[in-house]
Protein chains: 2
Amino acid sequence: MGVQIVGKDLFMGQRAIQANTEKLRKAGLRPTRQRLALAQLLFARGDRHVTAEGLHEEAVSAGVQVSLATVYNTMHQFTASGLLREVTVDGTRTYFDTNTGDHHHFYCQDDGTLVDIDGDQIEVAGVPVPPHGAKVDRVDVIVRLKRR
Amino acid sequence: MGVQIVGKDLFMGQRAIQANTEKLRKAGLRPTRQRLALAQLLFARGDRHVTAEGLHEEAVSAGVQVSLATVYNTMHQFTASGLLREVTVDGTRTYFDTNTGDHHHFYCQDDGTLVDIDGDQIEVAGVPVPPHGAKVDRVDVIVRLKRR
DNA sequence: ATTTGTGCAAATCGTTTGCATCTGA
DNA sequence: TCAGATGCAAACGATTTGCACAAAT
């Protein structure tokens with residue numbers, strides 16, 4: 001007991017299933033097996049930065065049966081529902097961030113690593129008034145790092 | 001007089017050719033016909049944000065014979081030489097910015113437009129010390145806009 | 001039962017590369 | 001002359017899409 005079989009995937013505890021089910025429901029998404037499993041991988045351990053490809057590999061090696069296309073779809077749905085946030089730093093790959101709060105990023109250009117910077121730490125002053133008919137959606141600060 | 005034929009392209013004045021030739025030489029690049037033409041398109045009128053695809057179209061409709069592959073190569077060479085700067089905002093396309101000085105950007109998410117924000121205007125305070133062995137290469141601020 | 005999600009494989013898009021051919025110094 | 005630049009077309013990798021099938025309410 002305490003472990004329920006989700007399809008063929010037995011890595012989620014009863015608690016986790018309930019928590020994620022509720023999280024998905026609140027976001028207006030049906031708690032399917034794949035979404036539950038992906039949510040578990042994404043949200044179980046703190047803040048993460050993942051690519052679709054990366055999450056797919058993780059899922060597969062955790063024994064979750066899910067296609068790469070579904071991972072892409074799911075991550076976009078999660079993003080649209082506010083469960084994830086897209087981070088664009090590199091052009092060649094899209095990162096998804098499980099931290100949807102106010103924060104910024106270090107981006108290590110040498111190895112493609114992302115590290116959060118708390119929103120409280122950085123202050124951006126002097127943002128000009130947006131052009132006519134537009135309003136500020138978000139301000140992203142990316143601190144690009146290179147090897148010393 | 002005043003207009004020299006560059007291959008089949010007669011849109012560059014003698015002055016422009018000389019100016020761009022020198023600019024390329026200083027950057028350590030041989031002033032070929034294509035590079036001269038692209039430099040002219042890029043640098044003739046103030047600060048610009050261009051995609052490779054966009055610049056290629058411009059070149060073609062200006063009567064410049066150049067392939068898309070060469071435009072890509074050239075823009076990367078210009079970037080490596082400090083004549084251009086790459087701006088990553090969208091993931092699906094790479095923008096090149098003729099403004100290589102200290103500045104930031106408005107990004108209009110609805111139509112993909114970029115607008116410069118002067119470096120003096122914005123101040124970023126509180127950037128944490130970079131992780132071990134890394135140093136700050138650059139700080140990018142992207143103000144994402146949406147329609148009001 | 002009806003709506004919504006999933007998987008697969010093919011299509012797409014921007015970008016890069018290999019290589020034979022030109023061209024500027 | 002001859003390193004360096006160009007063009008073309010093919011290769012590429014990440015992402016998206018169309019559609020038949022499966023699962024959730």
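Every chain is numbered from 1 and lettered A, B, ... according to where its sequence line falls, protein lines coming before strand lines.
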Legend entry - Between P of C/dC13 and NE2 of B/His56, the distance in whole Å: 17 Å
Inset, instruction - Please state how far atom CE in A/Met75 lies from atom P in C/dT6, giving the value in whole angstrom units. - result: 14 Å
Inset, instruction - Would you mind classifying the nucleic acid contact of A/Thr94 as base, sugar-phosphate or nothing, using non-hydrogen atoms under 4.0 angstrom? - result: sugar-phosphate
Legend entry - Nearest-0.5 Å distance, CD1 of residue B/Ile142 to CD of residue B/Gln109: 10.0 Å
Legend entry - Inter-residue atom distance B/Leu84.CG - B/Thr79.OG1, 0.5 Å rounding: 4.5 Å
Give me, pair by pair, the N or O atoms of the protein and of nucleotides 16-23 of chain D that are less than 3.5 Å apart, along with how far apart they are.
| from | atom 1 | to | atom 2 | distance (Å) |
| --- | --- | --- | --- | --- |
| D/dT16 | OP2 | A/His76 | ND1 | 3.4 |

Inset, instruction - Answer yes if the ring centres of B/His76 and B/Phe96 are under 6.0 angstrom apart, and no otherwise. - result: yes
Legend entry - Backbone of A/Tyr95 reached by a side-chain donor or acceptor of A/His49 within 3.5 Å: no
Legend entry - Nearest-angstrom distance from the residue atom CG of B/Leu29 to P of D/dG4: 12 Å
Legend entry - OP1 or OP2 of C/dG14 under 4.0 Å from side-chain N/O of B/Thr92: no
Inset, instruction - Please figure out whether B/Glu53 or A/Thr70 has its closest DNA chain C nucleotide nearer the 5' end. - result: A/Thr70
Legend entry - Side-chain N or O of B/Thr74 closer than 4.0 Å to phosphate OP1/OP2 of D/dA5: no
Inset, instruction - Using a cut-off of strictly less than 4.0 Å, decide whether B/Gln65 has a side-chain nitrogen or oxygen near OP1 or OP2 of D/dT6. - result: no
Inset, instruction - Mind calculating the distance between CZ (A/Phe96) and C1' (D/dT15) to the nearest angstrom? - result: 10 Å
Inset, instruction - Write down the distance between CZ (A/Arg93) and P (D/dG13), rounded to a whole number of angstrom. - result: 13 Å
Inset, instruction - Please round to the nearest 0.5 Å and tell me the distance separating atom CD of A/Gln77 and atom CG of A/Leu24. - result: 10.0 Å
Legend entry - Length of the line joining B/Leu55:CG and C/dG14:P, which is rounded to integer Å: 15 Å
Inset, instruction - May I have the distance from B/Glu86 (atom CD) to C/dG14 (atom P), rounded to whole angstrom? - result: 16 Å
Inset, instruction - Let me know the distance between CG of B/Leu36 and P of D/dA5, rounded to the nearest Å. - result: 13 Å
Legend entry - C/dG7 OP1/OP2 closer than 4.0 Å to side-chain N/O of A/Gln34: yes
Inset, instruction - Give, for atom OG1 of B/Thr113 and atom OH of B/Tyr107, the distance between the pair rounded to the nearest 0.5 Å. - result: 8.5 Å
Inset, instruction - Can you spot which of B/Ile17, B/Asn20, B/Thr21 makes a side-chain contact (heavy atoms from CB on, under 4.5 Å) with B/Pro31? - result: B/Thr21
Inset, instruction - Would you indicate, yes or no, if D/dT6 has its OP1 or OP2 atom less than 4.0 angstrom from a side-chain nitrogen or oxygen of B/Ser67? - result: no
Legend entry - Rounded C1' spacing from D/dA11 to D/dG7 in Å: 16 Å
